[in-house]
Amino acid sequence: MTKKEPHPHDQLFKQSLGRKDVILDFLANRLPKEVFNQIDQESLRLTNKTFAGKVRLRGESDIIFQATINNHPGYVYFLCEHQSKMDYYMPLKFLEYNVRLMRQHISEDGHTTLPVILNICVYNGLETYNGPTNLLDICANPDWVRNYMFQSFQLVDLNRESHEQILKDKKAAFAELLLRQGIRREFYTWLKTHEQFFLNLLQEGNIPYVEEAFYYILQIDTDEQVEAKLATINPVLKELAMSAAQRLRQEGRQEGRQEGEKLGVLKGAISIAKNMLQAGSDIDFIVKVTGLSKTEIANLA
C-alpha cells in the first residue's frame, strides 16, 4: 500500500506555490497591479522561514517569499497561509506571524529596518469563509486601535522632562521622580530636597506607596550606609524606611534558607550516590534514586 502524506492539502500547497514561477503567476493575478509592478521579480526567492509551528493543526501551512521593492534596500515578504478550516482569529494569527518574521528579519539577516509583509490566506474548506479578514474587525474598539494603537507610542523621557512637567502627573510623579533618581543613586541627598513630597503622600493616606519607595531605595542604592542615613530623617518617614529594611532582610534570610535547603538536598543525594557506588549499584538505578545526572555520578566515581 502506498504511504499517504498526513496532510496532502498542505503538501500540494507548499510544493506548488513554493515554486517561483507558480507564485509569480499567482501574485500577478491576486495583488493590485500597482503593488505587483513594484516587485523586483528577479530578486524574488523562497525563504526558509516558517511559522505554522512544530505541532501543526490540520490544514495549517505557510510559505514565505522575499523580494526587494523597486531596487530599494527594503524588503517585502509574501506570507501565504493555507487553511482547510475557517479561523475566526486569522488576522491575529497573521499579526503574530508578522511580528516573528520581523524579528527574524532584523536579527538573523542583520537588517536595521522592518520589511513590508503582505498576508495571503488560501482557503479550501467546504464552508463559505465568513470570518474576519482584518484585525480591526475583531477589536472591541476599532477606532481606538486605528487611531492610537498603531500610531507612534507616547514617550515619557524622565531624564528630559522638567521637574514641573513630571509633577503634573500628581501621584504618579512620585514613582517617576524615584525612577529618574534611581539611575544616579545617592538617594539620601536627594531625599532631603524631596522630603515634603513623601510627607504629602502620607497625609493623603498612601502609606504602602511610600514604604514601597523606601524598599526600592534600599534595594538599588549602592551606598552601604544608606540604611543608617535613612534612620536620621523625619521620624515618620524613618519608621517606614526601617519597615522596608526589615522586609528586605527577611526576604534575604528566606532566600538564604531556600538555598540552604537546596544545598542540603544535594549533599544528601551525593552521599547516597557514593554509598550506592561502593555497593556496586547500577548507574541508571542511582540516577533514578538520587536525581543526579550520569555525569555527576561519574565524577563521584
Side-chain angles (χ1 to χ4, degrees), residues 5 7-125 129 131-139 142 145-153:
E5 289 289 340
H7 304 300
H9 304 309
D10 294 344
Q11 184 73 11
L12 175 65
F13 173 77
K14 300 201 80 165
Q15 293 296 332
S16 299
L17 272 75
R19 290 178 46 175
K20 182 175 179 177
D21 56 337
V22 175
I23 196 68
L24 277 173
D25 284 348
F26 177 79
L27 295 176
N29 183 49
R30 300 292 176 173
L31 293 180
K33 286 191 173 14
E34 65 271 18
V35 174
F36 182 78
N37 290 337
Q38 295 184 66
I39 300 170
D40 298 325
Q41 297 184 26
E42 289 297 322
S43 71
L44 185 72
R45 66 177 182 86
L46 181 66
T47 75
N48 60 358
K49 298 174 174 61
T50 182
F51 301 110
K54 293 180 180 178
V55 181
R56 300 195 171 191
L57 300 175
R58 181 170 180 79
E60 182 183 273
S61 181
D62 58 43
I63 53 176
I64 303 173
F65 276 86
Q66 172 185 309
T68 55
I69 309 170
N70 285 339
N71 292 314
H72 290 166
Y75 285 90
V76 59
Y77 286 94
F78 302 99
L79 199 166
C80 299
E81 174 77 7
H82 165 240
Q83 291 287 128
S84 290
K85 291 185 178 180
M86 189 198 76
D87 186 344
Y88 181 83
Y89 292 104
M90 196 66 206
L92 178 59
K93 180 185 289 187
F94 271 129
L95 177 62
E96 293 168 340
Y97 288 176
N98 293 170
V99 171
R100 292 166 65 185
L101 179 54
M102 289 178 181
R103 286 289 184 188
Q104 280 197 20
H105 182 78
I106 60 176
S107 60
E108 296 178 4
D109 300 332
H111 301 291
T112 57
T113 56
L114 297 178
V116 176
I117 303 174
L118 302 182
N119 300 305
I120 301 170
C121 178
V122 177
Y123 173 69
N124 69 326
Y129 197 102
T133 58
N134 189 306
L135 188 66
L136 295 175
D137 295 336
I138 54 176
C139 293
V145 174
R146 182 187 299 107
N147 297 329
Y148 305 110
M149 183 173 172
F150 291 117
Q151 300 301 318
S152 300
F153 67 83

Item checked: Atom pair OH/CG of Y77 and N98 - distance to nearest 0.5 Å -> 11.5 Å
Check: If you look at every heavy atom in F36 and L24, which pair is closest and at what distance?
Finding: CE1-O, 3.7 Å
Next item on the list: For the residue pair F26 and V122, establish whether any side-chain heavy-atom pair is separated by less than 4.5 Å.
Entry: yes
Margin query: What's the separation between atom CG in N70 and atom CG in D40, rounded to the nearest 0.5 Å?
Written below: 6.0 Å
Notebook entry, point to check: Given side chains that start at C-beta, do those of Y75 and I69 come closer than 4.5 Å, heavy atoms only?
Noted result: no
Note to self: Whether the side chain of T47 engages the backbone of Q66 through a donor-acceptor N/O pair (distance < 3.5 Å, no angle test) should be reported.
What the structure shows: no
Notebook entry, point to check: CD of E34: more than 12 outside heavy atoms within 6.0 angstrom?
Noted result: yes
Check: Going from CD1 on I64 to CD on Q104, what distance comes out if it is rounded to the nearest 0.5 angstrom?
Finding: 7.5 Å
Checklist line | For A67 against I39, the heavy-atom pair lying closest together | finding: CB-CG2, 3.9 Å
Notebook entry, point to check: Are the side chains of M102 and P115 in touch, meaning some heavy atoms are under 4.5 Å apart?
Noted result: yes
Item checked: Atom of T133, atom of P91 and distance for their closest heavy-atom approach -> C-CG, 3.9 Å
Next item on the list: Check the angle between the aromatic planes of Y129 and Y123 and answer parallel, tilted or perpendicular using the 30° and 60° thresholds.
Entry: perpendicular
Check: Given side chains that start at C-beta, do those of L118 and V35 come closer than 4.5 Å, heavy atoms only?
Finding: yes
Note to self: Check whether K20 reaches the backbone of Q41 with its side chain - one donor and one acceptor, N or O, closer than 3.5 Å.
What the structure shows: yes
Next item on the list: Hey, could you give me the CG/OH distance between L92 and Y97, rounded to the nearest 0.5 Å?
Entry: 10.5 Å
Notebook entry, point to check: Would a distance-only check, ignoring hydrogens and angles, find a side-chain to backbone donor-acceptor pair under 3.5 Å from K93 to Y88?
Noted result: no
Check: Which pair of non-hydrogen atoms, one from F13 and one from E81, has the smallest distance, and what is that distance?
Finding: CZ-C, 4.0 Å
Note to self: Can a donor-acceptor pair be found, under 3.5 Å and without considering hydrogens, that links the side chain of Q151 to the backbone of R146?
What the structure shows: yes
Note to self: Show the nearest heavy-atom pair for residues N119 and I117, with the distance to one decimal.
What the structure shows: OD1-CG2, 3.6 Å
Item checked: From CG (N124) to CD (Q83), nearest 0.5 Å -> 9.5 Å
Next item on the list: List the atom of F94, the atom of I120, and the distance in Å for their closest heavy-atom pair.
Entry: CZ-O, 3.6 Å
Next item on the list: Report yes or no: does D87 contribute a side-chain atom to a donor-acceptor pair with the main-chain N or O of Y89 at less than 3.5 Å?
Entry: yes
Margin query: Walk me through whether L44 and F78 qualify under side-chain contact (heavy atoms from CB on, under 4.5 Å).
Written below: CA-CA 10 Å; L44 185 72; F78 302 99; 4.0 Å; yes
Notebook entry, point to check: Just how far is it from atom CD1 of I63 to atom CG of L46, taken to the nearest 0.5 Å?
Noted result: 7.0 Å
